[in-house]
Amino acid sequence: MNIFDNYLQKINKLILDNKKSLNLKNLDNLKNINLEVPPEQFNFDLSTNISLVLSKPNKIDSNDLANKIKELFIKFIIHFEKVEVAGPGFINIKLSKEGILSNIKDIFNNRNFYGAKKSNKTFNIEFVSANPTGPMHVGHCRGAIYGDVLSNLLSFNGNKVVKEYYINDYGNQIENFVESVYRRIREIKYNEKFIAKENLYPGDYIREIANNILKQNKNIAVNNFKDSFKELKQLSLKESMALIKNDLKLLGITHDIFSSETDLINKDLVSKAVKCLKKDNYVEEGFLTPPKGELSKDWKKIKRLIFKSTLFGDDMDRALQKNDGSWTYFANDVAYHMDKINRKFNNLINILGADHTGYIKRITAAVLALSKKKVNLNCKVCQLVKLYKDGKPFKMSKRAGDFISAQDLLNEVDKDSLRFMMLNRSNDVELDFDFDKVKEKTKDNPVFYVQYAYARINSIVRALNINLNDKILIAPDKFNPNIYEEKILRKIFEWPKIIESASFKYEPHKIPYYLYELSTLFHSYWSKGNEDNKFKFIKNGKVERDETLAFVFLIAIVIKNGMNILGVSLPEKM
RNA sequence: GCGCCUGUAGCUCAACUGGAUAGAGCGCUUGGCUACGGACCAGGAGGUUCUGGGUUCAAAUCCUAGCAGGCGCACCA
C-alpha cells in the first residue's frame with residue numbers, strides 16, 4: 001500500500017469516529033476526499049481537501065472545520081507532526097521522522113514492487129495486429145510500444161495480462177498480397193515481368209518473400225494462380241508473419257497469443273456469434289441506410305443481416321453480410337471478440353491506429369451485446385507519428401515503396417530511445433519524432449537524461465564498493481534530511497500515485513514524464529556538491545551521512561521499476 | 001453534413017478521475033562547472049489555458065453553443 005492510501009484510510013476512519021464532535025451529518029461524498037502532494041512552495045509532505053469537500057453538504061464554514069480536523073490529526077495520527085490549514089481550506093501535513101523512516105523502510109522492503117497498485121483482474125490487450133502483408137511501419141510501432149508498456153504496467157500491478165495479436169489473414173488484401181508473391185515468383189522463375197497493377201503490392205520485400213519461398217520449395221507450381229493459391233497463401237503468410245515477428249522482437253515486444261481470422265471462419269465461429277446476437281434480438285434482416293450524398297455505383301439495396309449497434313450508442317446499424325451474402329470483416333471481428341469473451345477476461349483492451357477511430361463504437365457495441373453488458377471493451381487510439389530529421393519532415397522510401405518501416409526507424413535509433421520517445425506523449429496527441437534529438441547525448445534527450453542519472457548512481461556504488469540491493473536503514477535520532485533530500489523524498493513518495501493514475505486511465509506516458517522529473521532532482525542535488533563541498537556525496541572515499549546513500553538508493557529503485565515498465569534498459573556505465 | 005481526437009508560454013508538450021500562485025523541455029537571456037563525480041547546474045524574461053455562456057467554495061479540466069486543425073465516415077480490411 002502506498003502512503004497516500006495508507007494515511008487516507010486513517011483519515012477516513014478518524015472522521016467517521018468523530019463525526020459527532022465535528023457536527024458532520026452528511027458524509028455522502030467521503031469518497032471525493034483525496035490526499036495529494038501539495039505544491040512545492042508549501043514545503044509539506046501531504047495535503048488533503050477533506051474540509052472543502054465536507055463543509056458544503058454539512059453547511060459548516062470550511063476553515064472552521066479544517067481547524068477542528070487539524071486538532072484531531074495532531075492528536076490521533078501519530079506520523080502527522082505538523083499540520084496547517086492553508087488557502088480556502090486545504091490541510092497540509094508534514095510527517096514526523098518516524099513516519100518518514102517507516103515509509104522508507106516499506107520502500108526498501110517492497111523494492112521491485114514499490115509503486116504497484118495491487119489488483120488481480122484479467123486483461124486481454126490486443127495490439128499491433130498489423131495486416132500480414134508486409135513488415136511493420138512507423139504507425140504500428142507507436143501502438144506496439146504503447147500496448148506493450150500498458151501490459152507491463154498492468155502486470156506490474158499484479159493483474160493477469162494476455163498480449164494478443166489478431167492476424168487478418170483473410171479477405172481481399174490477403175488475396176492481393178498472395179497474388180503479388182505469385183507474380184514475383186513467376187518473375188524469378190520465368191523471367192516474366194512484374195506488372196504493378198492496381199491493388200498489388202509493389203514493395204521490394206515481396207521479392208524477398210518470393211525468393212525465400214522458392215528457396216525452400218524449389219518445385220512449387222505457379223502455373224495458375226487459383227490452383228496455387230491455397231499453398232502459396234500459407235507460405236506467404238508464414239513469411240510475412242516472420243517479418244512482423246522479427247520487427248516486434250527488435251522492438252522488444254513479444255505477444256502471448258496470435259489469433260487467426262481464417263481459423264475463426266473455419267471453426268464456424270462467425271455464424272455462432274451471429275446466432276448469439278440474434279437470440280437477444282440484436283440482429284435483423286433489413287436494408288442499410290444509403291450513404292449520405294451522391295450514391296456510388298456500387299450501392300445496392302439488398303436485404304441482409306444487420307447488427308443493431310445503435311442500441312448501444314453507435315451512429316448507425318452495421319452490416320454483417322456483404323452483397324454476395326458472405327460475412328463482412330466486422331462480422332468476423334464480432335466472432336473474434338466473442339471468442340475473447342468466452343476466454344473469460346474481465347477487461348478487453350484494443351489498441352488502434354488513428355485511422356480506425358470510426359470502428360470503435362460498433363465493436364464496443366458488439367462486445368456489450370455479446371456479453372450482456374458484463375464485459376467492457378476499451379479501445380485506445382494512438383494518433384499519428386510525424387518524423388523529423390534536420391528540422392524537416394522526414395520521408396524515406398527504401399525497400400517498402402511507400403512507407404517508412406520499423407526497420408528504417410531502428411536503423412537510425414536504438415530500441416531504448418525509440419520506446420522512450422514513443423511513450424513520451426499522451427496517446428491522444430500527434431507525436432513529433434525527431435531523429436536528431438533522440439540521438440543526442442545531452443539533456444535534450446530525455447532517455448539519456450534518465451539513464452545518465454542511473455549511471456551516476458552506479459558510479460557511486462562502484463566508488464564505495466557497495467551493493468545497490470542493500471537496505472539503508474537509519475535511526476530516527478540520526479535522520480536529518482536536508483532540503484534537497486526532502487524534495488527527492490516527496491517525489492519518491494509520489495511514485496505510486498503516478499502508477500495509479502497511469503494504470504487507471506491507461507496512460508503510460510505519465511511514467512517517462514515522472515522519471516525525467518525525478519532525474520532532474522537527482523542531477524540537481526548531485527551538482528550541489530560542485531558548488532558546495534558540504535553537499536558532496538563522497539568525501540575521502542566515504543559517505544558521511546547515511547541519508548545521502550538512502551536517497552540515492554531510493555531513486556535507483558524507482559528509476560529501475562519505471563524503466564522496467566517502459567522496457568528501456570539501464571546501463572550501469574555510459 | 002456526422003462521429004472521434006486535439007487546441008495551454010515563440011516552439012513541442014505536462015498538469016495526479018474539479019484544487020492552492022497553470023508546470024517542464026527547447027529557443028531567448030544572465031551566471032557557475034573545465035570536470036571520468038564529464039556529457040551538467042542555478043537564475044531571468046515569457047500565459048486572456050481558442051472564443052462566448054453555464055455549473056461549483058474551486059474550472060485548462062465538467063455542461064453548452066461556436067471557431068480552428070487532424071483522423072475517420074464502404075458491402076474495404
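Heavy-atom basis, side chains included; hydrogens, waters and symmetry copies ignored. A quick note: this is a predicted structure, and the numbers were derived from the prediction, not measured. We name chains A, B, ... by the order of the sequence lines, and we start the count at 1 in each one.
Taking atom CG on Asp434(A) and atom C1' on rG25(B), their separation rounds to 13 Å, with Å as the unit. Asp428(A) has its CG atom 18 Å from the P atom of rG70(B), to the nearest Å. For the pair Leu521(A) CG and rG23(B) C1', the interatomic distance rounds to 14 Å; values are reported in whole Å. Taking atom CG of Asp355(A) as the reference point, atom P of rC5(B) lies 16 Å away to the nearest angstrom. Atom CG in Asn32(A) sits about 16 Å away from atom P in rA58(B), given to the nearest Å. For the pair Phe330(A) CZ and rC73(B) C1', the computed distance is 15 Å after rounding to whole Å. If you measure from atom CE of Met316(A) to atom P of rA74(B), you get 6 Å, rounded to the nearest angstrom. As rounded to whole Å, 13 Å separates atom P of rA74(B) from atom CZ of Arg304(A).
Side-chain contact of Ser459(A) with Arg456(A): a donor-acceptor pair under 3.5 Å is absent, judged by distance alone. Donor-acceptor pairing under 3.5 Å is recorded for the side chains of Asn103(A) and Tyr7(A).
Searching all strands for a Watson-Crick or G-U wobble partner of rU48(B) with both distances below 3.5 Å returns nothing. The partner of rG27(B) is absent, by the rule that a Watson-Crick or G-U pair needs both atom distances under 3.5 Å. Partner assigned to rC2(B) is rG72(B), using Watson-Crick or G-U wobble distances below 3.5 angstrom. Using the Watson-Crick or G-U wobble rule with both distances under 3.5 Å, rC36(B) pairs with nothing in any strand shown.
Remark: the separation of the C1' atoms in rC16(B) and rA24(B) is 15 Å, to the nearest Å. Taking the C1' atom of each, rG52(B) and rA59(B) are spaced 15 Å apart, rounded to whole Å. Spacing of P atoms, rC28(B) relative to rG1(B), comes out at 43 Å, to the nearest Å. Separation of the C1' atoms belonging to rA65(B) and rG70(B) is 22 Å when rounded to the nearest angstrom. For the P atoms, the distance from rA14(B) to rU55(B) is 31 Å, rounded to whole Å. Across rA60(B) and rU49(B), the matching P atoms stand 7 Å from one another, rounded to whole Å. The same atom, P, is picked in rG43(B) and in rG37(B); the two are 26 Å apart, to the nearest Å. Atom C1' of rU51(B) sits at a distance of 12 Å from the matching atom of rG7(B), rounded to the whole Å.
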Using a 3.5 Å cut-off and no angle test, enumerate the donor-acceptor pairs between side-chain atoms of residues 430-437 of chain A and protein atoms at least two apart in sequence or in another chain.
residue	atom	partner	partner atom	Å
Glu430(A)	OE1	Lys386(A)	NZ	3.3
Asp434(A)	OD1	Asp436(A)	N	3.0
Asp436(A)	OD2	Asp390(A)	N	2.7

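For Phe127(A) and Tyr165(A), the gap between ring centers reaches or exceeds 6.0 Å. Taking the six-membered ring where the residue is Trp, the centroids of His509(A) and Tyr146(A) are separated by 6.0 Å or more.
For the salt bridge (Lys or Arg N to Asp or Glu O under 4.0 Å) test, no residue two or more places apart in sequence or in another chain qualifies with Lys308(A). Residues passing the side-chain hydrogen bond (donor to acceptor under 3.5 Å, both in side chains) test with Arg490(A), sequence neighbours excluded: Asn43(A), Asp45(A).
Base contact: Tyr359(A) has a heavy atom under 4.0 Å from a base atom.
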**Q.** Under 4.0 Å protein heavy-atom contacts per nucleotide of nucleotides 35-44 of chain B, with B for base, S for backbone only and - for none
**A.** --BBBSSS--
Q | Test log, rule ring pair (Phe, Tyr, Trp, His ring centres under 6.0 Å), inputs Phe551(A) and Tyr484(A) | A | CA-CA 10 Å; Phe551(A) 285 103; Tyr484(A) 305 107; over 10 Å; no
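At rA77(B), none of the side-chain N or O atoms of Asn131(A) fall inside 4.0 Å of OP1 or OP2 (strictly under the cut-off).
Within the structure, salt bridge (Lys or Arg N to Asp or Glu O under 4.0 Å) pairs that include any residue of residues 505-515 of chain A comprise Glu507(A)-Lys510(A) (at least two apart or interchain).
Between the side chain of Asn445(A) and the main chain of Val438(A), a donor-acceptor pair closer than 3.5 Å is present.
Remark on RNA chain B: of its neighbouring residues His356(A) and Lys361(A), the 5'-side contact belongs to Lys361(A), judged by nearest-heavy-atom nucleotide.
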Protein-nucleotides 13-20 of chain B N/O pairs under 3.5 Å:
residue	atom	partner	partner atom	Å
rC13(B)	OP1	Glu430(A)	O	3.2
rC13(B)	O5'	Arg425(A)	NE	3.4
rC13(B)	O2'	Arg425(A)	NH1	3.1
rC13(B)	O2'	Tyr513(A)	OH	2.2
rA14(B)	OP1	Ser426(A)	N	3.1
rA15(B)	OP1	His509(A)	NE2	3.4
rA15(B)	OP1	Lys510(A)	NZ	2.9
rC16(B)	N4	Glu36(A)	OE1	3.4
rA20(B)	N6	Ser47(A)	OG	2.3
rA20(B)	N6	Asn92(A)	OD1	3.0
rA20(B)	N1	Asn92(A)	OD1	3.2
rA20(B)	N1	Asn92(A)	ND2	3.2

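Judged by the 6.0 Å distance and 45° axis criteria, Lys301(A) is positioned over the aromatic ring of Phe287(A).
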